[in-house]
Structures are given as structure tokens and as C-alpha cells.
A.B. asks: 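The structure is given below, and queries will be raised subsequently.
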Protein chains: 2
Amino acid sequence: MRHDEVIHRLRAQGYRLTQQRRLILNALAAHHGHVSARELHRIVARQAPAINLATVYRTLHWLERVGLAHAIDAGEHQRLYEYAATDDHHHLICRSCGAQQEIDHAVFDALRERLLERYAFVADPRHIAIFGWCARCRAAYAPADAAPSRRAAP
Amino acid sequence: MRHDEVIHRLRAQGYRLTQQRRLILNALAAHHGHVSARELHRIVARQAPAINLATVYRTLHWLERVGLAHAIDAGEHQRLYEYAATDDHHHLICRSCGAQQEIDHAVFDALRERLLERYAFVADPRHIAIFGWCARCRAAYAPADAAPSRRAAP
DNA sequence: ATCTATGCAAACCGTTTGCACGCTT
DNA sequence: AAGCGTGCAAACGGTTTGCATAGAT
């Protein structure tokens, strides 16, 4: 695995490599996509039942600090983590069925340029969740490709 | 104020208009931008000290249900609310100084088109927070207009 | 041997809920 | 008079922290 070398560097920096950290980092790296601390705990607990949830939290903070994990920017009411080696990407989330689709960072290039021009702002979107309606649900609901009206009174 | 008529409609639908709801709605509408439940509670408590935090939460849920308030999509580790009459807009947030700038919904038009073409996804971004670096901080840090490198090891 | 990281349990913070009562309708 | 909405207090779920100890260096 790739992180062994990273870990080496970290050890050189005075951090200690414990079984728990190893397990948690592996689980995080193996898990494609986001994980909550709780889920991660459930996963590593299969291999090391004694591991404590607090340790997972502390380790996640540590991984974030040393740059091996990112906390999710946007999204729902729970903090999620992902392995930092993952390429920048974003998500489309369907309001109707909840399906998530990963999209490429490049889709934001035009927007970033525009923000730079108009607002002199260097955008660095790391993990944005964009809500809307996926093709399937749209087809199921209506033939038109217009979004369902949002402010409609019931 | 505009909501009197809305409230009228709601009353017609069988909802009851209490002092608390009136106060909370007014405070929410008067507050430009996002508010947390706690902050809103603090505000209304100035006029009605007996008002309970649970009531604020319940009222916010109710306002959301009837379409008078939106919960914030993206953003930080706290759920925030805003008055629904507010136009769709988004925020640029500086990672360095924390400054927030409101940006127009139209900035997303090109992105929405692209998402529709490429992913057949109808994006409905309501309140996205885009992190990055504002002009001032960028000037202070470096002459170049490049974003500070993100994955740099310390 | 040193001192970091862990386990445990309690604390914390925002949010939700059950219940009896008050107030709008 | 009827019943929705409120206050109160307790419960809840996720996250953090103090403390003694195990374990990596």
C-alpha cells in the first residue's frame, strides 16, 4: 500500500504508529467515498473489537491535521471523512431517490474562472454536494426536462 | 410586512398563529442571512424571555414544512436557517479570514447547463458555500493569483 | 525510560420528544 | 369547547475531554 511511506515520514516527525491508527487509516483508504466516524468504527471493530470510538475520532482529527484525510465540506447533517489521496471530486445528489453520483472536479473549472473574474475570489471547492434530480427520477415524474417547481404551495 | 398575508393563508389551512411563531418568523425575516436556532432564540428572547428553545426548533421545522424557511444545504457543522423569501444565492467563504460574500445564483447557470448535458442531472443548488481565498487575503499572502497549494506537506 | 496514544466514562452541545397545561380558534 | 402549540425537563446522538494506563519509540 502507498501509505506506508507516508507513515514513515510521519514517524520521522515524531508521531507514533499504533495498530489502531494503522487499521483506521487502512479502513478509510479502502472505503471508496465518505465514511462517518461511527461507520469507520464499526468497520475496524470487526478486526479489533476493543478499539474505542473516541480513538476513531481522535485519529480522524490527526489524519486531517497531517493531511491524510479530508472532512467533507458540503452535505448533510453529519460530518464525513474521506481518504485524502482521493482526487478532488464532487457529488450530485438526487432529492427524490437519494442517489449519489460522483462528478469530476473539472466541471467546476468554468465556475472557478468566473468567480475569479467577477469576485476576485480563488475558489477551492473540495467536495461539494449539489442537490437536484437525477435522470431516472426526472423521467419518472414528468416528460419535460424542467425541474419540479420548488416554491409551489401544497 | 409581507408575511401577514402568508400567515393568513396558513391560518386558513388550520395552522394557529401564536405570539411565538409571529416573533420567530419576524426575527428570521429581519435577519439577513443565516441564523442558527440558538441565535434566533437569543433574539426573540429579548422580546419574550419565556420563549423556549424547543419552540424555536419546532417552529423552524414548521416554517420549513410550510415553505417559509430553508435549511442551509452546504456549509459548516451547524444547521442554519434563512427566510424563504430570500432569493437563491450562494456564498464565497475565505479560508483565511473567514469573510463571506454573497454571490448571485446566476453564476451557477453555466454549471447547471453543463451538469444537465453531461450527467442528465437537473441541478437545484439552493445555498452552496464555496470555500477559497478572497482578494484581500490573496494579496496579503502572495503576489501571484494562484491559490496556495493545498496538499503541501508542512 | 519516556512520553504519546488509548480505553473508559463522564461531560458537552445541539436537537428531539413526552407530558401536562395554556391559548388560539 | 376543542385541540393545537408551548414550556419544561428529560432523553438522545454525535463528539469531545480528563484521567490513569498500555504501548511505541
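Labels below follow one simple rule: chain letters A, B, ... track the order of the sequence lines, proteins then strands, and each chain is numbered from 1.
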A.B. asks: Would you please test B:H90 and B:F108 for ring-ring contact (aromatic ring centres under 6.0 Å, His included) and show each step?
C.D. replies: CA-CA 9 Å; B:H90 310 278; B:F108 278 80; 4.3 Å; yes
A.B. asks: Take the protein atom CD of A:Q19 and the nucleotide atom P of D:dG23, then report the distance between them rounded to whole Å.
C.D. replies: 11 Å
A.B. asks: What's the shortest heavy-atom distance between A:V56 and A:A37, and which atoms?
C.D. replies: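 Where A:V56 meets A:A37 most closely, the heavy atoms are CG1-O, 3.6 Å.
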A.B. asks: What I want to find out is whether B:R114 reaches B:E117 closely enough, with some N-O distance under 4.0 Å, to be called a salt bridge.
C.D. replies: no
A.B. asks: In whole Å, I'd like the distance from the CG atom of B:L53 to the P atom of D:dA9.
C.D. replies: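 So the CG-P distance, B:L53 to D:dA9, works out to 14 Å.
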A.B. asks: A:L23 CG to D:dG23 C1': how many Å, rounded?
C.D. replies: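 For the pair A:L23 CG and D:dG23 C1', the rounded distance is 15 Å.
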A.B. asks: Tell me whether the OP1 or OP2 atom of C:dT6 has a side-chain N or O from A:R58 closer than 4.0 Å.
C.D. replies: no
A.B. asks: In whole angstrom, what separates A:N52's CG from D:dT17's C1'?
C.D. replies: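 To the nearest whole Å, that distance equals 12 Å.
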A.B. asks: Using OP1 and OP2 only, check whether a side-chain N or O of B:R79 sits under 4.0 Å from C:dG14.
C.D. replies: no
A.B. asks: With a 4.0 Å cutoff (strictly under), does any side-chain N or O of B:R38 reach OP1 or OP2 of C:dG14?
C.D. replies: yes
A.B. asks: Starting at atom CG of B:L63, determine the distance to atom P of D:dG5, rounded to an integer number of angstrom.
C.D. replies: 12 Å
A.B. asks: From the set C:dG7, D:dT25, D:dT6, return the single nucleotide nearest to any side-chain atom of A:I51.
C.D. replies: C:dG7
A.B. asks: How close or far is atom P of C:dC13 from atom CD of B:E39, stated in whole angstroms?
C.D. replies: 17 Å
A.B. asks: State which of C:dT4, C:dG7, C:dT24 makes the closest approach to the side chain of A:T55.
C.D. replies: C:dG7
A.B. asks: I want to confirm an ordering. Mapping A:Y81 and B:V56 to their closest nucleotides on DNA chain D, which one lands closer to the 5' end?
C.D. replies: B:V56
A.B. asks: Does a side-chain N or O from A:Q20 land closer than 4.0 Å to OP1 or OP2 of D:dA24, or not?
C.D. replies: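 No, because none of the side-chain N or O atoms of A:Q20 sits under 4.0 Å from OP1 or OP2 of D:dA24.
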A.B. asks: Could you please name the option among D:dG7, C:dT6, C:dT2 that lies closest to any side-chain atom of A:R16?
C.D. replies: C:dT2
A.B. asks: Which nucleotide wins on minimum distance to the side chain of A:A54, given the candidates D:dA9, D:dT6, D:dT17?
C.D. replies: D:dT17
A.B. asks: In terms of ring plane angle, is the pair B:H91 and B:H34 parallel, tilted or perpendicular, where the classes change at 30° and 60°?
C.D. replies: perpendicular
A.B. asks: Assign each of B:R11 and B:H61 to its nearest nucleotide of DNA chain C by heavy atoms, then name whichever residue's nucleotide is nearer the 5' end.
C.D. replies: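 Its nucleotide being nearer the 5' end, the pick is B:H61.
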A.B. asks: Could you tell me the separation between the CZ atom of A:R42 and the P atom of D:dG13, rounded to a whole number of Å?
C.D. replies: 13 Å
A.B. asks: Where the side chain of B:T59 is concerned, which of C:dT6, C:dT2, D:dT6 is the nearest nucleotide?
C.D. replies: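 Ranking C:dT6, C:dT2, D:dT6 by closest atom to the B:T59 side chain puts D:dT6 first.
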A.B. asks: Looking at C:dT6, I'd like to know if its phosphate oxygens (OP1 or OP2) sit under 4.0 Å from a side-chain N or O belonging to A:T18.
C.D. replies: yes
A.B. asks: Which atoms form the tightest heavy-atom contact between A:L28 and A:A69, and what is the distance?
C.D. replies: CD2-CB, 3.7 Å
A.B. asks: Rounded to the Å, how far apart are A:L60 CG and D:dG14 P?
C.D. replies: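 Result: 15 Å.
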